[in-house]
2 protein chains.
Amino acid sequence: MTDFYGFFAAFLTTIAFLPQVIKTFRTKSAEDVSVLMLVLFITGLIFWIIYGLGSNALPVVVANVITLIFNVSILTLKLAYGKNKIKTEWR
Amino acid sequence: MTDFYGFFAAFLTTIAFLPQVIKTFRTKSAEDVSVLMLVLFITGLIFWIIYGLGSNALPVVVANVITLIFNVSILTLKLAYGKNKIKTEWR
């Protein structure tokens, strides 16, 4: 039963970023999204993947690779749409 | 060594949300942040905490409680600042 909570938790914290990808793509704006958050989070995800590979934890690897794809998409969209807004870029 | 990667990963994916809290508080705007993302993510974090408690994984509990506090703060600030922007609230 405890495992069910873990899988459900992983599903939710992974899929959560899809609405942000869709919203950013639709509105062509992510000025309010912190670049520093995305950079720290993406770096963390890479270390989760390294940890998952090192400890043969396939669910950890899979969940974090999907979350990584979503977050790299958000960061790419943000940087693409915010090119001319250097002032707020790193806040 | 693998454990080090795990702890470092947990540290980064936890602390990542602090810049977003600070940015949202400073700019008084989180229109570009998806409410659906925050709601799904917060729900996921609650299930991570249940999972952590059920499997006596203290680091999982601690990391997710801190991440939960940050994300509830972001959601609260967003809802407070976006009161009059019902149109974009759920995108």
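Per chain, numbering begins at 1; letters A, B, ... match sequence-line order.
- Of all non-hydrogen atoms in B:Phe17 and A:Met37, the two that sit nearest each other are CD2-SD, 3.7 Å.
- For the set B:Ile22, B:Leu45, B:Leu40, B:Ile49, the entry with the most heavy-atom pairs within less than 4.5 Å of chain A is B:Leu40.
- Looking at B:Lys23, its side chain never comes within 3.5 Å of a backbone N or O of A:Ser34 through a donor-acceptor pair.
- Residues A:Thr24 and A:Tyr81 share a closest heavy-atom pair of O-CE1, 3.4 Å.
- Of residues 54-69 of chain A, those residues with a non-hydrogen atom less than 4.5 Å from any non-hydrogen atom of chain B are, in numerical order, A:Gly54, A:Ser55.
- Counting heavy-atom pairs under 4.5 Å between each of A:Gly52, A:Gly44, A:Gly6, A:Ala9 and chain B puts A:Ala9 at the top.
- B:Lys78 places no side-chain N or O within donor-acceptor distance of the main-chain N or O of B:Val35, the cut-off being under 3.5 Å.
- Put simply, the side chain of B:Val33 reaches to within 4.5 Å of the side chain of B:Gln20, judged on heavy atoms.
- No chain of hydrophobic side-chain contacts below 4.5 Å, direct or via other Ile, Leu, Val, Met, Phe, Trp or Tyr residues, connects B:Phe4 to B:Phe7.
- Top candidate by heavy-atom pairs under 4.5 Å with chain B, chosen from A:Leu38, A:Ile42, A:Leu12, A:Asp32, is A:Asp32.
- In this structure, A:Tyr51 and A:Trp48 have perpendicular ring planes: the angle between them is above 60°, well past the 30° mark.
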